[in-house]
Amino acid sequence: MAKGKKREKLEEVENENIYFAAPNKLEFVSTGCTKLDCDLGGGFCLGRVANIIGDKSTSKTSMGTEAVINFLRKYPDGAAFYRETEASYLTSYAANMGLPLNKVEFGDPDKPVVTVEDFARDLGAFVGRRLATNTPGIYILDSLDALSDEAEMDRDIGEGSYGTKKAAKMSELFRTAARKLERTRVLLIIISQVRDKLNVSFGEKTTRSGGRALDFYASQVIVLSKVKDLKRTIKGIERSYGVIIRGKIKKNKINVPGRETDMEFHYSYGVEDFLTSYNWLEQVKRLPDKFKELNYDKMTDADYYEATKEIGEEVKKVWTDIEQDFMPARKKYL
């Protein structure tokens with residue numbers, strides 16, 4: 001079928017029947033990267049569970065931080081909980097990225113979330129308050145791997161264990177929490193670290209802790225991997241100022257899975273959305289000439305912000321156009 005006729009055929013299909021066109025009733029929070037938002041179907045979805053998985057130094061925590069920043073920008077009266085279980089979260093670094101620390105609840109330092117049971121109680125109370133007040137919320141658990149369970153905490157370190165209680169507790173937690181989350185406007189983001197599987201010669205060679213419950217209940221799963229360091233030399237001194245991170249959509253119940261995005265992440269800044277958009281449009285040979293001719297180094301912050309929004313709209317248009325090219329040309333059932 002000719003491309004023009006195919007496009008006409010697609011335009012006859014209502015948006016709700018196009019898989020990658022998310023239903024209007026869904027609400028989204030930006031990841032900070034326009035291209036990744038497109039791949040996810042609009043961003044992280046309220047009322048759902050998202051799982052960010054990655055090895056060390058793959059900007060997992062920064063992606064969670066950007067989600068909170070964008071949530072509070074969109075919902076100033078919303079509630080934000082950030083539960084950091086690894087005792088390594090730098091609030092000063094997050095503030096440099098733009099996180100309003102006074103609007104984020106980091107928990108009681110004297111009663112930290114250290115077990116799956118603590119997490120279940122804390123999340124339950126958060127969701128309950130959101131249901132009672134009908135207000136949106138975002139809850140970040142960073143990370144699942146650092147959580148223990150009460151049985152493990154009470155057991156002597158010399159006692160043997162198969163390590164299955166945590167997975168069982170996680171399964172119980174998600175069975176009880178999934179329905180409540182579905183009825184709220186709460187976004188739950190769980191950050192996980194990759195683990196190497198032992199004695200695996202084919203298939204996936206990595207996994208993450210917590211059992212398979214999260215695989216089942218998460219609507220969006222993003223796997224982050226480091227592509228390369230970004231370095232520059234100033235006055236004869238070379239320093240790394242960021243990394244290229246590849247985000248692969250492993251699971252997506254909002255949009256089609258399997259999409260990938262290479263993102264420029266700059267330290268103390270976050271995802272460099274303009275450069276990520278620019279590079280992708282250039283890669284697919286759809287970069288408008290007007291963006292090539294601008295002098296970005298001499299732009300004010302306000303002008304650069306507007307340029308980022310403008311190129312972001314171009315990304316959305318080109319992304320949709322490309323996805324439509326790969327849609328079926330006809331309906332299976334009439």
Side-chain angles (χ1 to χ4, degrees), residues 28-40 42-44 50 52-70 73 90 93-99 142 189 191 194 220 222-234 237-250 258-319 322:
F28 295 97
V29 174
S30 175
T31 62
C33 174
T34 302
K35 171 58 167 55
L36 184 60
D37 288 346
C38 290
D39 290 340
L40 287 170
F44 293 123
I52 301 173
I53 306 172
D55 203 351
K56 61 183 182 297
S57 301
T58 52
S59 305
K60 301 183 299 297
T61 295
S62 296
M63 181 170 285
T65 299
E66 284 216 56
V68 177
I69 294 170
N70 287 308
R73 286 171 61 88
L90 293 177
Y93 186 90
N96 285 338
M97 290 180 61
L99 183 69
D142 184 9
I189 296 180
I191 296 174
V194 294
Q220 298 167 312
I222 306 173
V223 180
L224 303 179
S225 58
K226 182 177 176 181
V227 178
K228 67 175 182 178
D229 289 307
L230 294 172
K231 297 181 179 181
R232 65 163 61 102
T233 301
I234 299 177
I237 300 174
E238 184 182 70
R239 288 287 186 272
S240 173
Y241 65 91
V243 288
I244 299 290
I245 298 296
R246 179 166 296 150
K248 181 173 182 178
I249 314 301
K250 183 178 179 181
R259 302 297 186 257
E260 292 185 357
T261 298
D262 284 358
M263 300 168 281
E264 277 208 24
F265 175 82
H266 294 183
Y267 302 138
S268 297
Y269 181 88
V271 176
E272 222 304 353
D273 195 24
F274 179 87
L275 290 179
T276 299
S277 296
Y278 187 103
N279 292 337
W280 180 73
L281 288 172
E282 194 172 48
Q283 177 188 343
V284 297
K285 297 179 174 56
R286 301 284 289 274
L287 179 66
D289 290 336
K290 63 180 179 179
F291 293 112
K292 301 176 183 178
E293 298 165 357
L294 296 176
N295 190 338
Y296 301 104
D297 292 335
K298 294 185 178 181
M299 279 186 173
T300 64
D301 288 349
D303 288 340
Y304 193 72
Y305 178 77
E306 290 302 318
T308 300
K309 287 174 58 178
E310 187 177 0
I311 199 171
E313 291 302 314
E314 189 68 28
V315 166
K316 293 175 186 177
K317 184 174 68 174
V318 172
W319 181 90
I322 291 173

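As a basis for the values below, the full set of heavy atoms in this structure was taken, side chains included, without hydrogen atoms, waters or symmetry mates. These numbers come from a predicted model, not from an experiment.
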What closest approach, in Å, do V227 and R246 show between heavy atoms, and which atom pair accounts for it?
CG2-CB, 3.8 Å

Are K292 and Y278 packed together at the side-chain level, in the sense that at least one heavy-atom pair is separated by less than 4.5 angstrom?
yes

Measure the spacing between CG of L36 and OG1 of T261 and express it to the nearest 0.5 Å.
5.0 Å

Would you please test D229 and K231 for side-chain contact (heavy atoms from CB on, under 4.5 Å) and show each step?
CA-CA 6 Å; D229 289 307; K231 297 181 179 181; 4.2 Å; yes

Indicate yes or no for a side-chain donor-acceptor contact from Q220 to the backbone of I189 under 3.5 Å, with no hydrogens or angles considered.
no

Side chains of V284 and V318, heavy atoms from C-beta outward: is any pair under 4.5 Å?
yes

If I compare all heavy atoms of S277 with all of V315, which pair ends up nearest, and what's the gap?
CB-CG2, 3.5 Å

With heavy-atom distances below 4.5 Å as the criterion, would you say the side chains of M63 and I245 are in contact?
no

Is it true that D39 and W319 share a donor-acceptor pair across their side chains at a distance under 3.5 Å?
yes

Is the Y304 ring parallel, tilted or perpendicular to the Y296 ring (thresholds 30°, 60°)?
perpendicular

Using side-chain contact (heavy atoms from CB on, under 4.5 Å), reason through R286 and I322 one step at a time and then give a plain yes or no.
CA-CA 11 Å; R286 301 284 289 274; I322 291 173; 4.2 Å; yes

Do L40 and F28 have side-chain heavy atoms sitting under 4.5 Å apart?
no

Donor on one side chain, acceptor on other, S30 and D37, under 3.5 Å
yes

Applying side chain to side chain contact (heavy atoms under 4.5 Å, CB included) between L230 and each of R239, E272, E264, report the one that passes.
E264

Can you check whether I249 reaches I222 side chain to side chain, under 4.5 Å on heavy atoms?
yes

Check: S62 main-chain N/O paired with S59 side-chain donor or acceptor under 3.5 Å:
no

So CD1 of I311 and NZ of K290: to nearest 0.5 Å the spacing works out to 9.0 Å

For the pair E66 (side chain) and G270 (backbone), establish whether a donor and an acceptor sit closer than 3.5 Å, ignoring hydrogens and angles.
no

In this structure, CG of L275 is separated from CD of E282 (nearest 0.5 Å) by 10.5 Å

What distance separates F274 CZ from E310 CD, expressed to the nearest 0.5 Å?
9.0 Å

Could you label the plane-to-plane angle of the Y269 and H266 rings as parallel, tilted or perpendicular, counting under 30° as parallel and over 60° as perpendicular?
tilted

Judged by atom type as modelled, is there a donor-acceptor pair below 3.5 Å linking the side chain of D273 to the main-chain atoms of T34?
yes

Output the distance between atom CE (M299) and atom CG (L294), rounded to the nearest 0.5 Å.
4.5 Å

Can you tell me if Y241 uses its side chain to pair, donor with acceptor, with the backbone of Y267 under 3.5 Å?
no

Please step through side-chain contact (heavy atoms from CB on, under 4.5 Å) for the pair T276 and V271, ending with a clear verdict.
CA-CA 8 Å; T276 299; V271 176; 4.1 Å; yes

Nearest-0.5 Å distance, NZ of residue K228 to CG of residue D262:
9.5 Å

At their closest point, which heavy atom of V243 faces which heavy atom of K226, and how far apart are they?
CG1-CE, 3.8 Å

If you apply the rule side-chain contact (heavy atoms from CB on, under 4.5 Å), what do you find for Y93 with T65, and how did you get there?
CA-CA 10 Å; Y93 186 90; T65 299; over 6 Å; no

Closest non-hydrogen atom pair between F44 and A50, with its separation
CD2-CB, 3.7 Å

Pair T58-D55, side-chain donor/acceptor within less than 3.5 Å:
no

Look only at the side chain of T31 and the backbone of C33, and say whether a donor-acceptor pair between them is shorter than 3.5 Å.
yes

